[in-house]
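Heads up: numbering here begins at 1 and tracks the sequence.
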Amino acid sequence: MTVDIAGTVRERAARELRDRILTGALPAGARIDLDAITAEFATSRTPVREALLELSYEGLVRVAPRSGITVIGIQPEDVLDSFTILGVLTGQAAAWAAQRITAPELDHLRELAADVAARSGSDSIGEANWRFHQEIHRAAHSPRLMTQIRQAARVVPSNFLTVFPDHERHSLSEHEELLDAFAYQDPANARTIAERHVLEAGRSLAAWLDQRSPSTQPGD
């Protein structure tokens with residue numbers, strides 16, 4: 001069964017493998033079979049190799065000529081650091097959006113929020129959630145900030161709401177809070193909500209990884 005994610009084959013492979021590493025499905029020390037991944041994505045080796053090189057630059061895997069590809073993984077404390085940085089960036093985006101958003105952009109955000117809510121319980125909610133947050137970042141009207149967020153957001157698994165369904169209800173509630181902050185042009189509240197939104201997600205992912213760590217398993 002091939003993975004179906006938007007983007008080029010390289011982008012799809014990088015995102016899927018990154019998700020598996022960030023959620024512990026591919027734990028530290030695991031070996032990645034290039035032929036198996038190539039078959040899974042029904043493609044040639046080139047885009048898969050490029051995807052793995054991208055992950056090696058991010059420090060998630062080690063690519064060695066003789067020993068092959070090994071997962072380095074990510075530590076819970078690194079997750080918290082990364083999500084804290086992302087929280088600051090997204091908080092600034094939300095604050096600027098509250099000041100700069102146009103009426104058509106706010107209407108579009110409401111439509112996207114409704115789409116996320118309509119997909120509650122579905123595997124497609126993750127993609128809808130990404131679209132909602134990307135539109136907030138665009139509403140900040142800062143290409144430089146968008147670039148920084150795009151880089152920092154790689155630490156967030158695209159299937160976050162599927163892996164952590166308990167966050168779905170909180171996410172939907174905070175989406176409504178953000179829309180209210182934008183409507184009232186309240187940058188301070190928008191920043192607080194956006195930062196909290198990201199930090200709570202980071203804490204959940206860090207706790208999840210800590211629980212799956214071999215050192216925390218029974219009998220150790």
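- Across Asp19 and Pro157, no two heavy atoms sit closer than the pair OD1-CA, 3.2 Å.
- The hydrophobic clustering, which links ILVMFWY residues whose side-chain heavy atoms are closer than 4.5 Å, places Val63 and Leu26 together.
- Listed by first then second residue, pairs satisfying salt bridge (charged side-chain N to carboxylate O under 4.0 Å, His left out) with a partner in residues 190-204 read Glu174-Arg196, Glu177-Arg196, not counting sequence neighbours.
- Here salt bridge (charged side-chain N to carboxylate O under 4.0 Å, His left out) pairs that include residues 136-164, with residues two or more places apart or in two chains, are Glu54-Arg154, Glu58-Arg154, Glu135-Arg138.
- Trp96 places no side-chain N or O within donor-acceptor distance of the main-chain N or O of His141, the cut-off being under 3.5 Å.
- Looking at heavy atoms from C-beta onward, Leu17 lies in side-chain contact with Ile37 at the 4.5 angstrom threshold.
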Can His197 and His170 be said to form a ring pair (Phe, Tyr, Trp, His ring centres under 6.0 Å), step by step?
-> CA-CA 8 Å; His197 192 76; His170 298 297; 9.8 Å; no
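- With hydrogens and angles disregarded, a donor-acceptor distance shorter than 3.5 Å links the side chain of Thr147 to the backbone of Pro143.
- A donor and an acceptor atom, one from each side chain of Arg119 and Ser124, are located under 3.5 Å apart.
- Considering all non-hydrogen atoms of both residues, Ala152 and Leu86 come closest at CB-CD1, 3.9 Å.
- Taking a cutoff of 4.0 Å between a charged side-chain nitrogen and a carboxylate oxygen, Arg20 and Glu16 qualify as a salt bridge.
- Taking the six-membered ring where the residue is Trp, His175 and His133 present perpendicular rings, their angle passing 60° and hence far from 30°.
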